[in-house]
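As the structure is a prediction and not an experimental result, all values here were calculated from the model.
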Amino acid sequence: RILIDTVPGAIGSEATGLLAFRDGVLIGGKSKLWYFDGTTTRLLLSFIHDPSWPEPLKASAVTHGVAYFLARTNSHDPLSLWRSDGTAAGTRPVRLASGPTQPAPIELCAVGDTIFFTTQTELWRTNDTISSTAMVRAFPAPGRPRDLYRVGNKLAFSAFDGVRHTVWISEGGRAGTAILRPGLLADPAYPEVFKRHDGNLLFNASQALWLSNGTPGATRVLARGIRGSKFQTLHTPHGPRTLFLKHLDGTTDLWITDG
């Protein structure tokens with residue numbers, strides 16, 4: 001059955017994204033956000049349709065029953081960070097600075113109680129208050145920090161180190177933010193860099209498939225000379241198995257690994 005039809009008729013509802021949340025699902029549209037609890041659908045927010053950002057849940061994160069996402073409600077302002085508890089009253093912008101100028105997030109990731117986010121050249125963190133919001137580290141151009149992914153209680157991401165795009169790990173402060181393993185080259189041809197496998201990190205770098213628990217000593221090669229994409233982890237009676245597409249010499253095959 002149809003849950004939402006924001007544009008009645010044959011054109012359809014124009015829903016653009018879904019996010020499992022609490023006991024229901026957040027539904028993002030081109031200019032609206034709804035929550036479906038399994039029985040009823042309620043409107044949480046109306047915002048400005050931005051052709052450069054048609055999917056409000058494209059960058060989203062959930063922690064402790066709160067969903068964070070990006071939207072703009074004023075055509076003169078950039079995208080800003082919002083939070084929702086699944087109710088209209090509990091859907092509001094997150095203030096990241098006391099002044100009129102706010103950091104403009106691009107990508108989000110939750111690690112425990114912390115929301116990490118990127119801007120054009122910086123990695124930031126916040127715990128939903130102005131006092132807890134701080135820049136973790138700035139990175140040289142070109143390219144912003146990207147591909148944020150949680151591994152344990154750390155954040156994995158790729159960023160430029162001044163020479164190459166490589167894989168980084170952050171514990172939330174500048175001193176705890178460092179290159180995972182010197183010499184690894186993140187693969188820009190496959191933007192889905194990271195996937196979790198049995199609590200570890202599965203990723204492409206330096207034309208190889210790697211597995212890591214977020215520490216240099218436990219970062220190892222699974223297979224060289226291949227690239228992987230579209231990772232999907234299955235839980236089998238024999239333990240976790242991750243399926244992926246292997247790309248090599250212009251061919252694509254379906255592979256599986258147990259880590």
Side-chain angles (χ1 to χ4, degrees), residues 2-8 11-37 40-111 113-136 144-150 155 157 191:
I2 295 176
L3 296 180
I4 302 169
D5 194 0
T6 59
V7 185
I11 192 171
S13 67
E14 297 191 7
T16 57
L18 304 174
L19 178 66
F21 179 57
R22 295 197 170 189
D23 294 324
V25 61
L26 288 173
I27 305 170
K30 289 185 176 180
S31 60
K32 288 179 171 57
L33 182 73
W34 303 268
Y35 180 67
F36 176 62
D37 62 9
T40 59
T41 304
R42 53 181 178 264
L43 178 66
L44 301 183
L45 177 68
S46 295
F47 47 86
I48 299 295
H49 170 53
D50 186 343
S52 66
W53 194 263
E55 163 53 286
L57 300 178
K58 178 181 177 181
S60 57
V62 176
T63 182
H64 296 296
V66 177
Y68 295 85
F69 60 96
L70 303 181
R72 57 188 299 185
T73 55
N74 187 315
S75 59
H76 302 292
D77 295 332
L79 286 165
S80 59
L81 182 63
W82 286 69
R83 57 164 286 158
S84 178
D85 61 3
T87 68
T91 301
R92 59 172 177 80
V94 177
R95 293 282 295 173
L96 298 173
S98 56
T101 302
Q102 302 285 310
I106 299 173
E107 190 173 347
L108 311 176
C109 184
V111 179
D113 297 331
T114 300
I115 298 296
F116 286 91
F117 65 91
T118 63
T119 62
Q120 287 295 339
T121 58
E122 299 163 346
L123 177 67
W124 288 67
R125 59 167 291 162
T126 185
N127 291 89
D128 205 344
T129 64
I130 292 175
S131 61
S132 69
T133 302
M135 185 181 71
V136 176
R144 62 173 175 82
R146 63 188 188 192
D147 309 311
L148 308 188
Y149 211 89
R150 179 181 65 83
L155 177 78
F157 62 99

Legend entry - Aromatic plane relationship, Phe21 with Tyr35 - under 30° parallel, 30 to 60° tilted, over 60° perpendicular: perpendicular
Inset, instruction - For the pair Asp113 (side chain) and Asn127 (backbone), establish whether a donor and an acceptor sit closer than 3.5 Å, ignoring hydrogens and angles. - result: no
Legend entry - Reported CZ-to-OG distance for the pair Phe47 and Ser31, which is rounded to 0.5 angstrom: 6.0 Å
Inset, instruction - Kindly indicate whether the side chain of Thr41, heavy atoms from C-beta on, has any atom under 4.5 Å from the side chain of Trp34. - result: yes
Legend entry - Reported CG-to-CG distance for the pair Leu33 and Leu44, which is rounded to 0.5 angstrom: 5.0 Å
Inset, instruction - Give the C-alpha distance, both sets of side-chain angles, the deciding distance and a yes or no for side chain to side chain contact (heavy atoms under 4.5 Å, CB included) between Ile27 and Leu57. - result: CA-CA 8 Å; Ile27 305 170; Leu57 300 178; 6.0 Å; no
Legend entry - Validation row: Pro105, Trp124 side chains within 4.5 angstrom (heavy atoms): no
Legend entry - Any donor-acceptor pair under 3.5 Å from Ser98 side chain to Ile130 backbone: no
Legend entry - Point-to-point distance, once rounded to the nearest 0.5 Å, from CZ of Arg150 to CG of Leu148: 13.0 Å
Legend entry - Flag side-chain contact, heavy atom, 4.5 Å: Val94 against Thr133: no
Legend entry - Distance (rounded to the nearest 0.5 Å) between Leu70 CG and Leu79 CG: 5.5 Å
Legend entry - Any Leu45 side-chain heavy atom under 4.5 Å of Lys32 side chain: no
Legend entry - salt bridge (Lys or Arg N to Asp or Glu O under 4.0 Å) contacts in which one or both residues fall within residues 81-91, not counting sequence neighbours: Arg83-Asp128
Inset, instruction - For the residue pair Phe36 and Leu18, establish whether any side-chain heavy-atom pair is separated by less than 4.5 Å. - result: no
Legend entry - Under 3.5 Å donor-acceptor, Arg42 side chain and Gly86 backbone: yes
Legend entry - Donor-acceptor contact present, side-chain Ser84 to main-chain Thr91, <3.5 Å: no
Legend entry - With Gln102 via side-chain contact (heavy atoms from CB on, under 4.5 Å) - residues at least two apart: Arg95, Leu96, Ala97
Legend entry - Interatomic distance, Met135 atom CE to Thr119 atom OG1 [nearest 0.5 angstrom]: 8.5 Å
Legend entry - Side chain proximity check, Phe116 to Val136, heavy atoms < 4.5 angstrom: yes
Legend entry - Shortest non-hydrogen separation from Phe157 to Pro145 and the atoms involved: CD1-CB, 4.1 Å
Legend entry - For Trp82 against Ala71, the heavy-atom pair lying closest together: NE1-O, 3.6 Å
Legend entry - side-chain contact (heavy atoms from CB on, under 4.5 Å) partner of Tyr68, the single match among Val62, Thr126, Thr63: Thr63
Inset, instruction - Determine whether the side chains of Thr121 and Arg144 contain a donor N or O and an acceptor N or O closer than 3.5 Å. - result: no
Inset, instruction - Nearest 0.5 Å please: distance from the CG atom of Leu81 over to the CD1 atom of Ile115. - result: 7.5 Å
